[in-house]
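Being a predicted model, the structure only gives us computed values, none of them experimental. Sequence lines set the chain letters: A, B, ... in the order given, protein chains first and strands last, and positions in each chain run from 1.
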There are 2 protein chains.
Amino acid sequence: MADVAERAGVSTSTVSRTLRGLSTVSPEVRARVEKAARELSFAVSRQAASLVTGRTGTVAVMVPTLNSWFTGSALSSLAPLLRAAGLQLNVYEIPDLDERTAFFEHLPARRNADALLVFSFDLTEEETARLDDLGMPVIYVSQHVDGRPSVYVDDVAGALHGTRHLLNLGHRRIAFVPTEGASGFTFSSNERLLGYQQALTEAGVPLDDDLVVSTRTGSKRAAAEALGTLLSLREPPTAVFAEQDEVAVALVWNLRRTQIAVPERVSVLGFDDQPLADWFDLSTVAQSPSEMGRLAGELALKLIDDSDGDHERHIVLPTHVIPRGTTAPVAERATAPVEAGATVPVDVGATTRAATAAARDGQSASSASE
Amino acid sequence: MADVAERAGVSTSTVSRTLRGLSTVSPEVRARVEKAARELSFAVSRQAASLVTGRTGTVAVMVPTLNSWFTGSALSSLAPLLRAAGLQLNVYEIPDLDERTAFFEHLPARRNADALLVFSFDLTEEETARLDDLGMPVIYVSQHVDGRPSVYVDDVAGALHGTRHLLNLGHRRIAFVPTEGASGFTFSSNERLLGYQQALTEAGVPLDDDLVVSTRTGSKRAAAEALGTLLSLREPPTAVFAEQDEVAVALVWNLRRTQIAVPERVSVLGFDDQPLADWFDLSTVAQSPSEMGRLAGELALKLIDDSDGDHERHIVLPTHVIPRGTTAPVAERATAPVEAGATVPVDVGATTRAATAAARDGQSASSASE
DNA sequence: CTGAAAGCGCTAACAA
DNA sequence: TTGTTAGCGCTTTCAG
């Protein structure tokens, strides 16, 4: 910076003022300084600047993985926002418990960022507390943390509407397939399970633990096992609601391989609406991670500027049921004699009411928690 | 740090030495300092440290998008490597030409990182030159830049082997479907086209420009158009080699919707081997972005430590043909009377030879450019 | 093995 | 509007 100052024939203060765009610089001097800076291809060292301003010009994000639709979409909409605000994006990828322990041990973000965005981690009380005195705003993304700024989707409502969609199609034996994530990493399992149960209860359908079978994500084999468990029940389900699209697709894949027609014999519903769902024409409950990334970013910017402001601290995003080709009205059981004994009698009146309700379904889901 | 020093009853120099793990500290004092640091949950400010060391402790990456299989995989294997080395990961997402111009205008990475990894950008001479005097090692990932450290896949060989696989199955009318990316962003189109042409030439199959039809990525509709062009040729192809899995899958999707059996009537081959390929049982040419991320990271670490060292500056990764369910021997044309007039006579001897060669194909491809 | 002192490159008062 | 001065928090000589 001294070089620039010398070349432009001014003091370093003036150079600093010019480069930060302060208005208290005469146009003539400004031009001279900018020219000199360009010629020397000078760039301010954020390190040095932050030393005195106390701001790092950096936002840190903590993500379980960089290699997922969710994280990718969210960061992709967060990044331009930060760039526009002149902030850097710093990524901490914490794929497992070891790394996580190490992260909380040292909290490397301390003093090295102006805000931290925590993605999809199911933190302990203690961990949350540690983040509390990190000395910077911490925003929780895709999760709800009491009393802290959070941006998340209404998973209960999403699962509720999804399950209603299946009920409205006449299904009564509806399975739910949650994902057993790596411990400590939440994928909203509990809340989605809750929504599923709520929908059944409000429809007067008894809960049946046999219909809840968990699986691992990203494994066709694991999905096959879960499916096997369900298909070998005394009364197998006519519809399966998977907690994640990937699992739903694995179920469809396995069902079709076994010549069990989807959706004719079994309906399958996912949750997420990632691109894979579209490829497989999967009915699903959509959420928007890019919207979450954007809103979390905006919240972060606000909190950095004025961390005591009375901003809305909890942002809840809606979900939308997207009916595609893997959900259909429950089959007439007469045509499937093999499983005849396993079938719940369908009350025709209910089916009619269901059809009517189904017509409204997309809409009512759209307005969920808005 | 002064607080820690006071609490431990030592000078700040000693605290600094302890926290940096220098061996010139007595065990007793070390223990005291570490205790004090923990109690105050003190973390060194990289900003202040870098001001005097001249190192930022940060590696910057420039990526076209964060929301893709390729970037996600690569960064996912890069991140732990950097973390293990105590380095931060700074991401610049440059999705379009405007952002790109802005990036090169200001080069925000200057003085704010110890190395820069440039992903998949088709840079101009001028841009490369600007990066040259950035004052830090610059590593090019997924692209070949003369005279600069680069990590990339042998696209020519990959496409060559992929095409050979199709030739070995008896195909003679083989189409190639490149992707017209956003201008300035390369997806190795040219090199893959080259490999395709080489394979045809070495097999004595004349090149036919009509068989090269480009499309956009991520659009079923665009794929349908490209397909339409090919299927309405006087002599339509019996096999299609797409430059990217996503396009290949879109082609399969459209073909099946039109009741054109894949692979019985038309074989389809992709390039990438992303998860989608597995879902669709797509034959493809595999590359490994995670391997690329890892190697690029290691190279970056080496170059940071000693930027004049005689490290291998160009790392070329192999590709592997993965035969799955969308490629098969060319159909006997007698069974397809509709297109009989459009069929190239198949020399039985060639088919036999091809079958033999096909058996070797996986192997020969595996050893490509290793 | 430890401490004192100098200074990294910048910004923020304060003066002019 | 501009320049002078005093640090920001750390590391690194250099003494001891």
Separation of C:dA13 atom P from A:R17 atom CZ, nearest Å, is 12 Å
Any base atoms under 4.0 Å from A:T14, or only sugar-phosphate, or nothing? Heavy atoms, all strands.
sugar-phosphate
Do A:P95 and A:T65 touch side chain to side chain, with heavy atoms closer than 4.5 Å?
no
Select from A:G9 and B:A48 the residue whose nearest nucleotide in DNA chain D is closer to the 5' end of that strand.
A:G9
When the distance from CG of B:L51 to P of C:dG9 is rounded to whole Å, what number comes out?
7 Å
Nearest-Å distance for atom pair CZ/C1', residues A:R110 and D:dG9
16 Å
Among the nucleotides C:dG9, C:dT11, D:dT2, whichever has the atom closest to the side chain of A:S16 is C:dT11
With a 4.0 Å cut-off on heavy atoms, is A:S45 in touch with a base, just the backbone sugar-phosphate, or nothing at all?
sugar-phosphate
Should the pair A:R130-A:E127 be classified as a salt bridge under the 4.0 Å nitrogen-to-oxygen rule?
no
Would you classify A:S26 as touching base, sugar-phosphate or nothing, given that sugar-phosphate means primed atoms plus P, OP1 and OP2, and contacts are heavy atoms under 4.0 Å?
sugar-phosphate
Do the two ring centres, one from A:Y92 and one from A:F103, sit under 6.0 Å apart?
yes
If an axis is fit to five pairs at each end of the helix from C:dC1-D:dG16 to C:dA16-D:dT1, what is the angle between the two, to the nearest 10°?
30°
With a sphere of 6.0 Å drawn around CD of A:E6, does it hold more than 12 non-hydrogen atoms of other residues, nucleotides or ligands?
no
A:L22 has an atom CG; how far is it from atom C1' of C:dC10, in whole Å?
13 Å
A:R38 and A:E34 ion-paired at < 4.0 Å:
no
Let me know, please, whether A:Q47 or B:T24 comes out on the 5' side of the other along DNA chain C by nearest nucleotide.
B:T24
Can you find a side chain N or O atom of A:R111 that sits less than 4.0 Å from OP1 or OP2 on D:dC10?
yes
Spacing between B:L19 atom CG and D:dT11 atom C1', to the nearest angstrom
12 Å
Assess whether a salt bridge exists between A:E39 and A:K35, defined as any Lys/Arg side-chain N lying under 4.0 Å from an Asp/Glu carboxylate O.
yes
Show, in sequence, the C-alpha distance, side-chain angles and deciding distance for A:Q47 and B:N112, and conclude whether the side chain to side chain contact (heavy atoms under 4.5 Å, CB included) test is met.
CA-CA 7 Å; A:Q47 330 290 328; B:N112 293 298; 3.2 Å; yes
Without decimals, in angstroms, what is the distance between A:R32 CZ and D:dT2 C1'?
11 Å
Does a nitrogen or oxygen in the side chain of A:R20 sit under 4.0 Å from OP1 or OP2 of C:dA12?
yes
Salt bridge or not for A:E93 and B:R83, using N-O below 4.0 Å?
no
May I ask you to evaluate whether B:T53 reaches the phosphate of C:dC8, defined as a side-chain N or O under 4.0 Å from OP1 or OP2?
no
On DNA chain C, more 5' by nearest nucleotide between B:E28 and A:T12 is B:E28
D:dT1 P sits how many Å from A:R30 CZ, rounded?
11 Å
Please report, rounded to the nearest Å, how far the C1' atom of C:dG9 is from the CG atom of A:L40.
15 Å
From C-beta outward on A:V52, which listed nucleotide comes closest to its side chain: C:dT2, D:dG3, C:dG9?
C:dG9
